[in-house]
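Down below is the structure, laid out as structure tokens.
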Number of protein chains: 4
Amino acid sequence: MAICHKRHGGVDAVSVEDRRVKRLPREVREKQILDAAVRVFSEHGYHEASMDEVSEVAGVSKPMIYAYLGSKEDLFAACIRREAGLLLEAIVAGVDATVAPDMQLWMGLKAFFEFVGGNKQSWRVLHRQVISQGGPFSDEVLAMRSRAITLVDALLVGVATKRGMDEHAQKSTEAMSAALVGASESLADWWLDHPAVPTRTVVAWLMNLVWMGFGDLVEGNVWSPAEH
Amino acid sequence: MAICHKRHGGVDAVSVEDRRVKRLPREVREKQILDAAVRVFSEHGYHEASMDEVSEVAGVSKPMIYAYLGSKEDLFAACIRREAGLLLEAIVAGVDATVAPDMQLWMGLKAFFEFVGGNKQSWRVLHRQVISQGGPFSDEVLAMRSRAITLVDALLVGVATKRGMDEHAQKSTEAMSAALVGASESLADWWLDHPAVPTRTVVAWLMNLVWMGFGDLVEGNVWSPAEH
Amino acid sequence: MAICHKRHGGVDAVSVEDRRVKRLPREVREKQILDAAVRVFSEHGYHEASMDEVSEVAGVSKPMIYAYLGSKEDLFAACIRREAGLLLEAIVAGVDATVAPDMQLWMGLKAFFEFVGGNKQSWRVLHRQVISQGGPFSDEVLAMRSRAITLVDALLVGVATKRGMDEHAQKSTEAMSAALVGASESLADWWLDHPAVPTRTVVAWLMNLVWMGFGDLVEGNVWSPAEH
Amino acid sequence: MAICHKRHGGVDAVSVEDRRVKRLPREVREKQILDAAVRVFSEHGYHEASMDEVSEVAGVSKPMIYAYLGSKEDLFAACIRREAGLLLEAIVAGVDATVAPDMQLWMGLKAFFEFVGGNKQSWRVLHRQVISQGGPFSDEVLAMRSRAITLVDALLVGVATKRGMDEHAQKSTEAMSAALVGASESLADWWLDHPAVPTRTVVAWLMNLVWMGFGDLVEGNVWSPAEH
DNA sequence: AATGAATGAGAGTTCATTCAT
DNA sequence: CATGAATGAACTCTCATTCAT
């Protein structure tokens, strides 16, 4: 009876044979569980998801989940942490900090959209399930969102400072960053429904929308209702 | 919970006297219930909200809720429909279709932010609770979102056409609208945490961010990574 | 499957007809539930007892139990409170405060043993299940025990004072009371296994054991190892 | 729990070095386990105690516990047996069978209270956790209790016989013994909360309460309600 | 000899939903 | 019209117990 220690990875639960492979080391089991949890949470959302389904998909009994990852809330938080970490890593890795700010933004957005395109489940877990909940996960995801906004903010502030942005406009950069992040998220969702559009294109659209506007703003080229 | 052994200690939307007013016409009861539901859903979110609390807050027994508004899901959908209708109404009412497109966008955004500022519960129900849910409410809210995006799209397309937007850019207007709506939502959330900022200001920020960029875009003044 | 399609088989506290009597007023249901709980707790002890069995015996669904009496702990506390109240009431009602102290003790012990003899389940719940638990019920029952000890103590102190008990002996009355209560409890348990013995007899034994000794003590007629 | 995701943060009875000492002879392991079990059971009670905690405190893996001591119930019974044996040994060893009966009782009670004072955990396991449980441990502990009662009974009977106790009183000795044991236990518990009282004193109190009364009883100097 | 890994089974609890009045 | 009373179904979480190594 040759027991195959084949592929552990893959969200696709575990094959029947793999199920027979017992006594896996803790790390592997944790990964299995997290993979399954991301999948289940992304499909049903936090509340509709049941630990039973997670354990089924993971091919692991519930007590193992509780032993390794803790409560449902803990498990969800672990998912968020992992996926958010991957997303931010991808963005940071995609940006060359030595280039001009607009190129940095471009690269960051591109990395972001590429991640979303390549990890739809991750994105769903991060975006769809978290923003709304008033629960304790907000912490996890809002922290990520804050980091993202901060990143953008730093970029904008850097640009603004360099170009001599006036104080009032400077104070607005945080709001702008929030708006930009929201626009990116919304566009990412739109994009999930229009997969034919190439990544480059959608990112270029967003860049043009926000970057040119921001450039005008910095140049003092503002729009005002008073003038109309 | 009416038969809960614990102290009620919660919020009571109706006074003792109101409770004595029985045999109210259906309309009034429905409004009572919907008001309570919006309040409860906005506070706890769909899943954490309980029908018991809704009935308590409404001062109406649960069977009445089921008789008038149907299941929990139906009730939530009714909330969404009503609040979304109010929001769109407010926006439409705030826009003068005879003025220039940029002014129209300005007026629309202003109406939107004013609504959010004045109806925080409504906004919470609409935004925070709905985007995430993969459930059947998406229909309701996505429909609203689509209408909003369509409105913006029409505006942008109008502008583009007038100014002679090239085809490629034209195809992007839908995406742009999605991004704009997302930016608005995100900014509205940010604003809820920074109530000191006047409505005018936050709207102006957003206008500057997106309108100027859009203007540049239409003028063919595009940003492109190739040039950098 | 968690779904319990089991037949109710086993102990049935209510007849089939009674089961059909639905929509009973809250009071009645609460009594039903408490009766069943006392029975189940007295049979299996707190921890081994399950809410399922309580609900079965009560002929009431579990949600009703939770709605009316709260958690398992609350339910147990309610049992203790009710039974302890009955016991103390019985004792107090059985004692004529105008007679001599020894008669009072006699009457109190008699009332106590009569209650135990007539309410074995109550006694089991009170005694067997509570003393040991370090949980939150101790409060309930230890309070009762304290009241009992205090009653006895007052009696002894009264006697002692009247007869001129020396100080050292006086300080010991609390300990004596504790011992007396313990002796009574233990004897009650013994008695449960020897039901042939009449109440009068067992009480007389106890009276003789402790009262005569106490009398000697008060008279200064003490035993001391030094003398032997 | 060795594989618990939460911080261990608990009590560790064995040092790191001890943990490294593997391949211990069976006796030593059994003692380690029993010591830990007594400690854990005395702290949390039978039901609240978990095998996980026992294994943690013992520094021994759970399968070892099952291999050496059997099920949780078996383990508890083993604890009771050991501790009860020690208690009875202490009592027997403390009594000089050649002295007068009252001195024997005095010595036995003294030994008992000394044991309780010096082995509070043992006492808690024996008394607090066992009396209440309706489970299978009753056997173990009730056996011990029976032996204790028998001891006392023999003493009393001896006295009675010697002094010519009448038949009715003789039949009562068993009940008296039960009462005495209960009084002792209750007083021991009281004493645990009043550690300032010297052992001698508390024992003297009890002796005076019961011995003098018993003496009177034997002498036919009885109390009777009829006379009052 | 010794244990990390694993689970079946069942506990308490809650909630949307519906009769019977 | 209006509701107190009632429950089926499911969920999260825990624990004693045992393999496989």
Side-chain angles (χ1 to χ4, degrees), chain A residues 3 21-26 28-29 47-55 59-68 70-75, chain B residues 1-4 19 22-26 29 47-55 60-68 70-73 75, chain C residues 1-5 20-26 28-29 47-55 59-68 70-73 75, chain D residues 1-4 19 22-26 29 47-55 60-68 70-73 75:
Chain A
I3 300 178
V21 178
K22 311 242 168 173
R23 315 293 142 167
L24 293 182
R26 178 170 182 146
V28 180
R29 282 288 190 227
H47 286 285
E48 302 285 16
S50 80
M51 296 300 267
D52 271 308
E53 188 174 354
V54 173
S55 89
V60 161
S61 71
K62 274 193 292 178
M64 285 266 72
I65 300 181
Y66 282 90
Y68 284 166
S71 73
K72 186 184 186 185
E73 215 169 289
D74 293 338
L75 176 61
Chain B
M1 275 177 280
I3 50 174
C4 182
R19 286 196 184 241
K22 311 233 169 178
R23 314 275 154 173
L24 292 182
R26 177 166 185 141
R29 282 285 191 228
H47 285 284
E48 304 284 14
S50 79
M51 296 299 270
D52 273 306
E53 188 173 355
V54 173
S55 92
V60 164
S61 72
K62 278 191 292 178
M64 287 263 63
I65 299 181
Y66 281 88
Y68 282 166
S71 73
K72 186 184 186 184
E73 218 168 284
L75 178 60
Chain C
M1 287 237 282
I3 311 172
C4 190
H5 283 244
R20 306 220 162 208
V21 177
K22 311 243 164 171
R23 316 291 142 168
L24 293 182
R26 179 173 180 142
V28 180
R29 282 288 191 228
H47 285 287
E48 302 285 17
S50 80
M51 296 300 268
D52 271 306
E53 188 174 354
V54 172
S55 89
V60 162
S61 71
K62 273 194 295 178
M64 286 266 70
I65 300 180
Y66 282 90
Y68 284 166
S71 72
K72 187 184 185 185
E73 214 169 290
L75 177 61
Chain D
M1 274 179 281
I3 51 174
C4 182
R19 286 195 185 244
K22 311 232 167 178
R23 314 275 155 172
L24 291 182
R26 178 165 183 141
R29 281 285 191 229
H47 284 285
E48 304 284 14
S50 78
M51 296 300 269
D52 273 307
E53 189 173 354
V54 173
S55 92
V60 164
S61 72
K62 278 192 291 179
M64 286 264 61
I65 299 180
Y66 281 89
Y68 282 167
S71 73
K72 187 185 184 184
E73 219 169 282
L75 177 60

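Side chains included, hydrogens not; waters and symmetry mates left out as well; all remaining heavy atoms used. Lettering of chains follows the sequences in order, A, B, ..., and the numbering in each one begins at 1.
- Summarising the geometry, the separation between CG on Leu24(A) and C1' on dA6(E) is reported as 11 Å, rounded to the nearest angstrom.
- Rounded to a whole Å, the CD atom of Glu53(D) is 15 Å from the C1' atom of dA16(F).
- Considering only side-chain N and O atoms, Arg29(D) lies under 4.0 angstrom from the phosphate OP1 or OP2 of dA2(E).
- Shortest non-hydrogen contact noted between His47(B) and Lys72(B) is O-NZ, 3.6 Å.
- Rounded to an integer number of Å, the gap from Ile65(C) CD1 to dT14(E) C1' is 14 Å.
- Tyr68(B) is linked by a side-chain contact (heavy atoms from CB on, under 4.5 Å) to Arg26(B), Arg29(B), Glu30(B), Ile33(B), Met64(B), counting only residues two or more places apart in sequence or in another chain.
- The phosphate of dG4(F) has neither OP1 nor OP2 within less than 4.0 Å of any side-chain N or O from Arg26(C).
- When the side-chain hydrogen bond (donor to acceptor under 3.5 Å, both in side chains) test is applied to Ser71(D), the partners found at least two apart in sequence or on another chain are Asp74(D).
- The distance from atom CG of Asp74(A) to atom C1' of dT12(F) is 12 Å, rounded to the nearest whole Å.
- Heavy atoms only, all atoms of each residue included: Ser61(C) and Ser55(C) are closest at C-CB, 4.1 Å.
- Consecutive Watson-Crick or G-U pairing (both distances under 3.5 Å) extending over three or more pairs maps onto DNA chain F as E:2-21 with F:2-21.
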Find every protein N or O atom lying less than 3.5 Å from an N or O atom of nucleotides 16-19 of chain E, and list the pairs.
{"residue": "dA16(E)", "atom": "OP1", "partner": "Ala49(B)", "partner atom": "O", "Å": "3.2"}
{"residue": "dA16(E)", "atom": "OP1", "partner": "Lys72(B)", "partner atom": "NZ", "Å": "2.8"}
{"residue": "dA16(E)", "atom": "OP2", "partner": "Met51(B)", "partner atom": "N", "Å": "3.1"}
{"residue": "dT17(E)", "atom": "OP2", "partner": "Tyr66(B)", "partner atom": "OH", "Å": "3.0"}
{"residue": "dT17(E)", "atom": "OP2", "partner": "Lys72(B)", "partner atom": "N", "Å": "2.9"}
{"residue": "dT17(E)", "atom": "O4", "partner": "Lys62(B)", "partner atom": "NZ", "Å": "2.4"}
{"residue": "dC19(E)", "atom": "O2", "partner": "Arg23(C)", "partner atom": "NH1", "Å": "2.4"}
{"residue": "dC19(E)", "atom": "O2", "partner": "Arg23(C)", "partner atom": "NH2", "Å": "3.1"}

